[in-house]
Enquirer: 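This is the structure, below, for whatever I ask next.
Because only heavy atoms are used, hydrogens play no part in the values below, and waters and symmetry mates are left out as well, while side chains stay in. Just so it is clear, the model here is predicted, and its values are computed rather than measured. We count residues from 1, following the sequence as given.
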Amino acid sequence: QGLNCETYDKALFHFMNPSIFIATYSPVSVKSGDRFIPTRAGSNWSINFHYANENCRSPSQNHKAKDTTSDSSKDAVTYAALLRNELLGSGIETVQDPHTDERRHAVPSQDSHSLFKYAVHTKRVPFHSDNEVSPYSLSPLSNKSHKLLRSPRKPARKISKIPFKVLDAPELQDDFYLNLVDWSAGNLLSVGLGACVYLWSACTSQVTRLCDLSVDGDSVTSVCWNERGSLVAVGTHKGYVQIWDASGGRKLTSLEGHSARVGALAWNGEQLSSGSRDRVILQRDVRTPPSAERRLQGHRQEVCGLKWSPDHQHLASGGNDNKLLVWNSSSLLPMQQYSDHLAAVKAIAWSPHQHGLLVSGGGTADRCLRFWNTLTGQALQSTDTGSQVCNLAWSKHANELVSTHGYSQNQILVWKYPSLTQVAKLTGHSYRVLYLAVSPDGEAIVTGAGDETLRFWNVFSKTRCTKESKSVLNLFTRIR
């Protein structure tokens, strides 16, 4: 009571700051000083809360945590959002997918920096309001947190790491420049094994031999179905292109024109394009005489990849000269030429979702996926896969693509576009995964390798199959 206001303020100030009090009034100098009491008035708790989780992990651990697809990562995101709501009042009601680019929740600015507040509500609002919980609720969480916990969660994408079927394919060549596997619209798989072409029915699992070229001393170097799935084109080592009727099992015609093996084939309606080691691309209409053909000359080495665009207007070709060429249906000269790859370009795929989008993959010395806008001739983006790119195919249902690889990892990768994040990594082949085909429903793929096996994978399935599971031993069937 005897203290005036000025004395009381000084006493209160030094009581709140004991280190200053000791330094001022203590006759003995204290070198060590008193304990440090930090001031929390200027702390940004939103930033501190965010860095608390990231500082305790290494950068590699942070990267793995972002790339993981397990349920625990989503639970951690939900828990972090829940803490933000209760401690910081962030008002988060939904949890975003941790694999999207917007991985962090925006924290609205607060009027005060105080972490804990005490307030007396003078007016009670109805319990169904967005800002209040029912007065009869026993939960300590806010209404925003309740909405957060009730928000629907997208199920985690799970792709089986093992094939659902394995076929034995003896004499399947380990040659990067060949294309020996294709899947028809009629659910028939054509496989070139040595000098023979076999047809395997995905519906009945029956195997039939379509042709045998050993009589002529020839061998199969490529196979390709037409869009309706009624005709299959067979390229040979001697440079012939044979057209076969799959249902009748008879040869319709044999086209000449190439002086070396035909390793790439591509149908465009009734027109058939063939690429050869003689560096020439021939376009022929199977309904007209063989003399009516178009010769496309642009590659300086073997043509190993051919794909027509979904609108049937442009043909993409890849060669052993590391070039990717784009042709139109009227000119004999390429309209575009891309030279960014450092190795042979066999893997080519047109996007069915974006007009003019083309992706290509390079060989062992390149290992890159490169995306091109053929409408403007612009290079979009690229990524290093770490191994030789052998084949590419887009999903029919989602903006995803699958790539098969050779040296040195022999793996199958599923990518999400345009983020180019890996959805799945499949292994099982002991040799280069040189062959790839997509099922007519667009949900499964088949891969072939020099280990003489064909493996079937569910990579683009919309729903997981819950039918009876069979032993792996019962899935092996030998093609004879």
Side-chain angles (χ1 to χ4, degrees), residues 163-202 205-211 213 219-227 229 231-237 241-242 244 246 261-267 274-275 304-307 346-349 361 388-394 402-406 410-412 426 428-460 477-480:
F164 65 88
K165 184 180 289 293
V166 178
L167 300 179
D168 190 12
E171 297 187 57
L172 185 61
Q173 299 298 311
D174 183 27
D175 194 327
F176 177 78
Y177 300 98
L178 307 186
N179 292 275
L180 298 176
V181 178
D182 197 19
W183 208 330
S184 75
N187 217 7
L188 284 176
L189 188 70
S190 60
V191 185
L193 302 178
C196 301
V197 175
Y198 294 89
L199 303 181
W200 177 80
S201 173
S205 296
Q206 292 183 350
V207 179
T208 58
R209 187 173 65 182
L210 179 66
C211 64
L213 306 182
S219 61
V220 180
T221 54
S222 58
V223 294
C224 184
W225 290 94
N226 67 344
E227 295 180 5
L231 302 178
V232 57
V234 179
T236 73
H237 183 78
V241 177
Q242 301 181 359
W244 287 77
R261 69 179 181 186
V262 179
L265 296 168
W267 286 89
S274 57
C304 49
L306 285 177
K307 286 293 173 62
K346 176 192 176 184
I348 303 172
Q388 177 188 42
V389 184
C390 301
N391 278 287
L392 287 167
W394 288 87
V402 60
S403 60
T404 66
H405 299 269
N410 306 329
Q411 60 188 352
I412 304 164
L426 309 176
H429 286 289
S430 57
Y431 280 67
R432 297 180 295 174
V433 189
L434 297 176
Y435 311 110
L436 169 69
V438 183
S439 63
D441 60 6
E443 296 187 353
I445 64 170
V446 58
T447 57
D451 56 9
E452 299 185 346
T453 62
L454 297 175
R455 298 173 184 266
F456 295 77
W457 316 79
N458 274 322
V459 294
F460 297 135
T477 306
R478 176 173 287 273
I479 298 181
R480 298 186 184 276

Enquirer: Restricting to side chain to side chain donor-acceptor pair (under 3.5 Å), what partner residues turn up for Asn226, sequence neighbours left out?
Expert: Ser230

Enquirer: Applying side-chain hydrogen bond (donor to acceptor under 3.5 Å, both in side chains), run through Asn410 and His429 and close with a yes or a no.
Expert: CA-CA 6 Å; Asn410 306 329; His429 286 289; over 6 Å; no

Enquirer: Side-chain contact, heavy-atom cut-off 4.5 Å: Arg261 with Leu178?
Expert: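 Side chain of Arg261 against side chain of Leu178, heavy atoms only: contact under 4.5 Å found.
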
Enquirer: Evaluate the criterion side-chain contact (heavy atoms from CB on, under 4.5 Å) for residue pair Gln242 and Leu213; output intermediate values, then yes/no.
Expert: CA-CA 11 Å; Gln242 301 181 359; Leu213 306 182; 3.6 Å; yes

Enquirer: Between atom CH2 of Trp183 and atom CG of Leu188, what is the distance when rounded to the nearest 0.5 Å?
Expert: 10.5 Å

Enquirer: Name the one of Ile445, Leu436, Asn391 that satisfies side chain to side chain contact (heavy atoms under 4.5 Å, CB included) with Ile412?
Expert: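 Of the listed residues Ile445, Leu436, Asn391, the side chain to side chain contact (heavy atoms under 4.5 Å, CB included) partner of Ile412 is Ile445.
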
Enquirer: Quick check: does any side chain N or O of Glu171 sit under 3.5 Å from a backbone N or O of Ala169, one acting as donor and the other as acceptor?
Expert: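 No; zero donor-acceptor contacts below 3.5 Å.
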
Enquirer: When you measure from the side chain of Thr404 to the backbone of Val433, do you find a donor-acceptor pair of N or O atoms at a distance under 3.5 Å?
Expert: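 Indeed, once roles are kept as given, a pair shorter than 3.5 Å links the two residues.
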
Enquirer: For Trp267, enumerate each residue passing the side chain to side chain donor-acceptor pair (under 3.5 Å) test, keeping only those at least two apart in sequence or located in another chain.
Expert: none

Enquirer: Would you give the length of the straight line joining atom SG of Cys304 to atom OH of Tyr177, rounded to the nearest 0.5 angstrom?
Expert: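 Atom-to-atom, Cys304:SG and Tyr177:OH are 6.5 Å apart.
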
Enquirer: I'd like to know whether Trp457 forms a side-chain contact (heavy atoms from CB on, under 4.5 Å) with Val402, so could you lay out the CA-CA distance, the side-chain angles of the two residues, the decisive distance to 0.1 Å, and finally the verdict.
Expert: CA-CA 11 Å; Trp457 316 79; Val402 60; over 6 Å; no

Enquirer: Inspect the surroundings of CZ in Phe456 and state if more than 12 heavy atoms from other residues, nucleotides or ligands are less than 6.0 Å away.
Expert: yes

Enquirer: Please find the pair of heavy atoms, one from Leu172 and one from Ala449, that lie closest to each other, and give the distance.
Expert: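 Closest approach of Leu172 to Ala449: CD2-O, 3.3 Å.
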
Enquirer: How close do Asp451 and Ser430 get, counting heavy atoms only, and between which atoms?
Expert: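 Minimum heavy-atom separation between Asp451 and Ser430: OD2-N, 3.0 Å.
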
Enquirer: How long is the gap from CZ on Arg209 to CG on Leu199, to the nearest 0.5 Å?
Expert: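 Reported to 0.5 Å precision, the distance equals 11.5 Å.
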
Enquirer: Run the side chain to side chain donor-acceptor pair (under 3.5 Å) test against Glu452 and tell me which residues pass, sequence neighbours left out.
Expert: none

Enquirer: So, using ring pair (Phe, Tyr, Trp, His ring centres under 6.0 Å) as the criterion, who are the partners of Trp225 when residues are at least two apart?
Expert: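 Not a single residue meets the ring pair (Phe, Tyr, Trp, His ring centres under 6.0 Å) criterion with Trp225.
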
Enquirer: If every non-hydrogen atom of Cys390 is compared with every non-hydrogen atom of Gly406, which pair is closest and at what distance?
Expert: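 So the two residues come closest at SG-N, 3.5 Å.
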
Enquirer: Tell me the closest heavy-atom pair linking Asn458 and Phe164, and the distance in Å.
Expert: ND2-CD2, 3.7 Å

Enquirer: Not counting sequence neighbours, which residues clear salt bridge (charged side-chain N to carboxylate O under 4.0 Å, His left out) with Asp441? List them please.
Expert: none

Enquirer: Return the minimal non-hydrogen interatomic distance between Leu392 and Gly361, and the atom names on each side.
Expert: CD1-N, 3.7 Å

Enquirer: Given side chains that start at C-beta, do those of Ser205 and Trp200 come closer than 4.5 Å, heavy atoms only?
Expert: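 Yes, their side chains come closer than 4.5 Å.
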
Enquirer: Checking the side chain of Thr221 only, and the main-chain atoms of Thr236 only, is there a donor and an acceptor separated by less than 3.5 Å?
Expert: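 Yes, because the side chain of Thr221 sits within donor-acceptor range (under 3.5 Å) of the backbone of Thr236.
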
Enquirer: Do Ser184 side-chain atoms and Gly229 backbone N/O form a donor-acceptor pair below 3.5 Å?
Expert: no

Enquirer: Please check: side-chain N/O of Ser201 versus main-chain N/O of Gln206, any donor-acceptor pairing under 3.5 Å?
Expert: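 Answer holds: no.
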
Enquirer: Could you go step by step and tell me if Gln411 and Leu426 meet the side-chain contact (heavy atoms from CB on, under 4.5 Å) rule?
Expert: CA-CA 6 Å; Gln411 60 188 352; Leu426 309 176; over 6 Å; no

Enquirer: Mind checking whether Leu454 and Leu189 have side chains closer than 4.5 Å, heavy atoms only?
Expert: yes

Enquirer: Testing the basics here: between Asp175 and Leu434, what is the closest heavy-atom pair and its distance to 0.1 Å?
Expert: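 The answer is N-CD1, 3.3 Å.
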
Enquirer: Drop me the distance from Tyr435's OH to Thr447's OG1, to the nearest 0.5 angstrom.
Expert: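 So the OH of Tyr435 and the OG1 of Thr447 are separated by 12.0 Å.
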
Enquirer: For Arg432, give me all partners under salt bridge (charged side-chain N to carboxylate O under 4.0 Å, His left out), at least two apart in sequence or on another chain.
Expert: Asp174

Enquirer: Is a donor on one side and an acceptor on the other found under 3.5 Å between the side chain of Lys346 and the backbone of Asn179?
Expert: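 Not a single qualifying donor-acceptor pair exists.
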
Enquirer: Applying side chain to side chain contact (heavy atoms under 4.5 Å, CB included) between Val220 and each of Leu210, Val191, Leu180, Val262, report the one that passes.
Expert: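 The side chain to side chain contact (heavy atoms under 4.5 Å, CB included) with Val220 is passed solely by Leu180 among Leu210, Val191, Leu180, Val262.
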
